[in-house]
Amino acid sequence: MSANSYIIEIVGLNKFYDGLPVLKNINFKIKSGETVGILGANGAGKSTLLESIEGLRKIDNGNIKVLGLDIKKHQKKIQKNIGIQLQKTSLFEELTVEDNVKIFYGLYGVKKNIIDIINEFDLEKIKNSKVGRLSGGQFQRLNLCLSMINNPKILFLDEPTTGLDPKVRKELWDKIRELKNAGHTILLTTHYMEEAEELCDRIIFMRQGKIVADDTPKNLTKTINIPKELVIEVDKPITREEMHGLDSIANGTQIRIKSSNIMKDLMFVFEIFKNKDIQVIDVKITDANLEDVYMEIYNATTSIC
Amino acid sequence: MCTWKFIMQQLQFANSMTKVFHIFKLFSKIFIKDRFNLFMIFFFNAFIMVIFGISMENRYENDVNIGIYGGINNKVYKQIVTDFESQKNVKLKIYGDNEKFKNDLENGNLTLGLSISDKKLSLFADNERALWSKFLQSTVEVAALKAYGVSPPVVHIVSIETRNKSYFDFFFPGILIFSIMQVGLSGGIMLLVQRTKGSLKRLKITPLRKWEFLLGYVSCYLCIMIIQVLGYYGIANLIFEYSFYGSLTNVITLLIGSSVLFILLGILLCNACNTVENGNNFNRFFVFPASFICGVFIPLSSLPEIVQKIAWFHPLTYLVEVTRKVANYNEALLNFQQYILGYIIMTSIIAYFSIKTFKWKENS
Ligand SMILES: Nc1ncnc2c1ncn2[C@@H]1O[C@H](COP(=O)(O)OP(=O)(O)OP(=O)(O)O)[C@@H](O)[C@H]1O
Ligand SMILES: [Mg+2]
């Protein structure tokens with residue numbers, strides 16, 4: 001793949017607020033069609049990074065190219081072709097959903113029928129409601145709808161599902177997945193590991209303004225050596241002491257064991273059970289998930305940040 | 001190649017104008033939806049106007065304006081001028097043009113008119129001003145006696161119909177400019193609310209440019225002000241039979257000039273404040289005292305000298321003063337060259353800074 005097929009390119013990006021660094025030497029590239037999730041604790045710099053790419057914040061040094069154009073020089077040209085959902089935003093609350101959609105339609109010069117997009121984002125029932133009176137989920141759907149008005153090549157979503165109930169969140173995921181399948185490049189931030197695992201092809205972990213990991217969710221869970229968890233159900237209660245020093249938690253008839261070597265540890269516990277005449281009812285082995293990766297990376301990078 | 005460029009430019013211009021139009025529509029809608037603001041700005045002022053207009057009718061007489069026409073070399077004329085110059089409340093206006101003299105009389109710009117020729121002294125007065133005409137008659141007779149020694153010419157009293165310059169005439173031009181100021185500044189507050197809420201930031205990430213946004217906003221508020229002025233003028237005309245005596249072009253120029261100044265001042269106010277609370281405080285500080293120190297409801301001349309001096313630091317004072325003179329007394333705009341120059345300089349500075357410091361979102 002040639003260098004030009006990258007839809008976003010960031011080289012040596014630094015940003016300071018009042019002399020304090022918030023983004024420290026950020027470098028990454030995103031290919032067309034990729035869905036990339038940016039993860040990190042509160043204040044890690046995710047929104048700052050996203051808004052710098054969108055041209056909303058001035059950067060102190062480094063280069064950002066979006067759609068092959070320098071953001072410093074071609075802000076408006078780029079903004080015409082990207083869709084943005086801000087983390088903290090407000091629309092015109094005094095006006096209705098439909099009025100708000102109309103304004104953005106007008107500003108992008110979109111000629112399509114307004115009803116189509118209203119239906120597409122499931123807004124027809126609330127189209128005459130004032131935006132100030134929408135629920136969080138309805139508001140986010142409207143927000144997503146507005147960011148899609150110009151059929152953008154790249155979509156920036158800053159915490160699109162924060163504060164939503166699980167059902168609405170799943171619905172929004174479906175919508176985002178639909179957009180992803182339609183070929184849009186998506187860059188999103190989230191605090192939900194599950195969301196990142198569900199939607200993203202690639203995860204960028206940030207910690208105090210630095211990128212500390214950047215890979216596919218699969219590779220991240222694989223490369224980082226995180227112990228798997230063994231969950232064993234037995235017929236008689238057993239205590240932790242009886243497990244002879246294994247990293248385990250015993251809770252009545254359930255034992256949870258953190259294990260880096262599953263086979264060895266299994267053999268070892270079965271031996272104990274045999275001696276104590278304990279019957280095994282069920283065994284589960286759970287894989288490490290992104291949450292574990294997150295905690296692992298967080299702990300591992302404490303020294304470097 | 002050249003035509004291609006030309007077509008592209010035209011297309012881009014049309015595109016920009018569409019965006020300007022959408023911003024225009026956006027702010028009109030927001031303005032209409034804000035019922036409380038609408039009431040405070042449109043109806044409250046209209047209400048005050050009617051109440052004041054009705055209750056204070058005819059109570060307003062500032063100076064006695066006496067117009068004199070003809071007989072410059074006449075002895076009586078000279079005597080009268082000397083006599084009146086010592087009177088504090090009497091203002092003399094000398095006319096060389098009979099037409100203008102009559103015109104001013106009929107429009108109520110003069111309390112009384114005196115036409116002097118060698119053979120005849122005519123005193124023109126409205127019946128409603130009988131008291132004044134008695135006073136003047138005796139003064140003229142005394143003057144004539146002094147001038148001629150024994151037999152002075154008879155003073156003819158000519159009764160005429162004049163339009164009554166009431167208190168309403170006095171404050172109507174002022175309230176027009178005052179309301180324009182209120183709308184302009186309240187627009188600034190509305191912008192500030194939208195900015196602090198983050199709605200303007202949402203607009204910034206569309207292809208909308210700063211100048212398109214500002215042009216849409218300014219034209220929207222200009223339209224609101226025009227509608228407001230027309231509404232007030234309608235009320236003034238229907239209830240108080242008010243009409244502009246001065247040149248309509250000049251009055252319109254002044255109204256539009258004031259509108260532009262206060263819209264820009266509103267934008268500047270929005271840029272300068274970090275919170276809506278700040279904006280409201282500034283607004284109160286600017287508007288509240290203005291209603292009584294800038295000569296809108298109370299004539300400047302009747303205020304203490306120190307207050308008068310302060311009043312001249314407020315742009316409203318100048319605009320009200322000039323508009324009143326132009327609208328009610330048909331003074332030419334060119335008589336106010338210094339003020340016009342001042343206006344141009346001030347508006348340019350405010351325009352420069354309001355555009356330069358405009359921001360879509362809080363600094364970051
Ligand atoms: N306008 C600003 N002025 C000064 N500091 C700021 C500004 N905006 C953000 N910061 C600081 O920059 C750092 C990064 O903020 P940012 O909003 O990018 O974090 P985030 O990763 O998006 O956090 P969250 O998950 O809470 O949204 C924070 O320490 C924040 O306090
Ligand atoms: Mg954030």
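In what follows, chains carry the letters A, B, and so on, assigned in the order in which the sequence lines appear, proteins first and then strands, with residues in each chain numbered from 1.
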In this structure, OG1 of Thr206(B) is separated from CD1 of Ile84(A) (nearest 0.5 Å) by 9.5 Å
Please say whether more than 12 non-hydrogen atoms of neighbouring residues, nucleotides or ligands are located less than 6.0 Å from NZ in Lys359(B). yes
N/O donor-acceptor pair under 3.5 Å between Lys76(A) side chain and Leu208(B) backbone: yes
Check the pair Leu203(B), Phe92(A) against side chain to side chain contact (heavy atoms under 4.5 Å, CB included), reporting the backbone distance first and the verdict last. CA-CA 10 Å; Leu203(B) 288 181; Phe92(A) 298 97; 3.7 Å; yes
Heavy-atom cut-off 4.5 Å, strictly under: side chain, backbone, both or neither for Leu86(A) against chain B? side chain
Side chain, backbone, both or neither of Phe104(A) within contact of chain B (heavy atoms, under 4.5 Å): side chain
Start with the C-alpha gap between Lys25(B) and Lys102(A), add the side-chain angles, then the distance that decides, and say whether side chain to side chain contact (heavy atoms under 4.5 Å, CB included) holds. CA-CA 10 Å; Lys25(B) 258 188 13 192; Lys102(A) 268 188 196 158; 5.5 Å; no
Within 6.0 Å of CZ in Phe42(B), more than 12 heavy atoms from elsewhere: yes
Between the CD atom in Gln85(A) and the CD1 atom in Ile205(B), the distance rounded to the nearest 0.5 Å is 9.5 Å
Leading residue by heavy atom contact count with chain A [cutoff under 4.5 Å; candidates Arg209(B), Arg202(B), Lys204(B), Lys33(B)]: Arg202(B)
Grab the two heavy atoms, one from Lys197(B) and one from Leu91(A), that are nearest each other, plus how far apart they are. NZ-O, 4.4 Å
Rounded to the nearest 0.5 Å, what's the gap from NE2 on His22(B) to OH on Tyr108(A)? Could you check? 13.5 Å
Does Phe16(A), at its CZ atom, have more than 12 non-hydrogen atoms belonging to other residues, nucleotides or ligands within less than 6.0 Å? yes
Is it the case that over 12 heavy atoms from other parts of the model lie below 6.0 angstrom from the CZ atom of Phe353(B)? no
Passes side chain to side chain contact (heavy atoms under 4.5 Å, CB included), Ile103(A) versus Lys29(B)? Steps please. CA-CA 11 Å; Ile103(A) 291 156; Lys29(B) 276 187 190 165; 5.8 Å; no
Taking side chain as everything from C-beta outward and backbone as N, CA, C, O, which of these in Lys19(B) sits under 4.5 Å from a heavy atom of chain A? Side chain, backbone, both or neither. both
Audit row: Glu51(A), Lys201(B), side chain to side chain contact (heavy atoms under 4.5 Å, CB included) steps and yes/no: CA-CA 11 Å; Glu51(A) 292 191 5; Lys201(B) 184 176 176 184; 3.1 Å; yes
In this structure, CG of Leu107(A) is separated from CG of Leu26(B) (nearest 0.5 Å) by 8.0 Å
Proximity breakdown for Leu146(A) and chain B, heavy-atom pairs closer than 4.5 Å: both
Counting only heavy atoms not in Gln10(B) (residues, nucleotides, ligands), do more than 12 fall under 6.0 Å from its CD? yes
May I ask you to check whether over 12 heavy atoms, not counting those of Arg177(A), lie within 6.0 Å of atom CZ? yes
Residue part contacting chain B, namely of Glu94(A), when any heavy atom lies under 4.5 Å: both
For Gly198(B) and Thr89(A), the nearest pair of non-hydrogen atoms, with its separation, is O-OG1, 3.9 Å
Near Phe44(B) CZ, under 6.0 Å, is it more than 12 heavy atoms from other residues, nucleotides or ligands? no
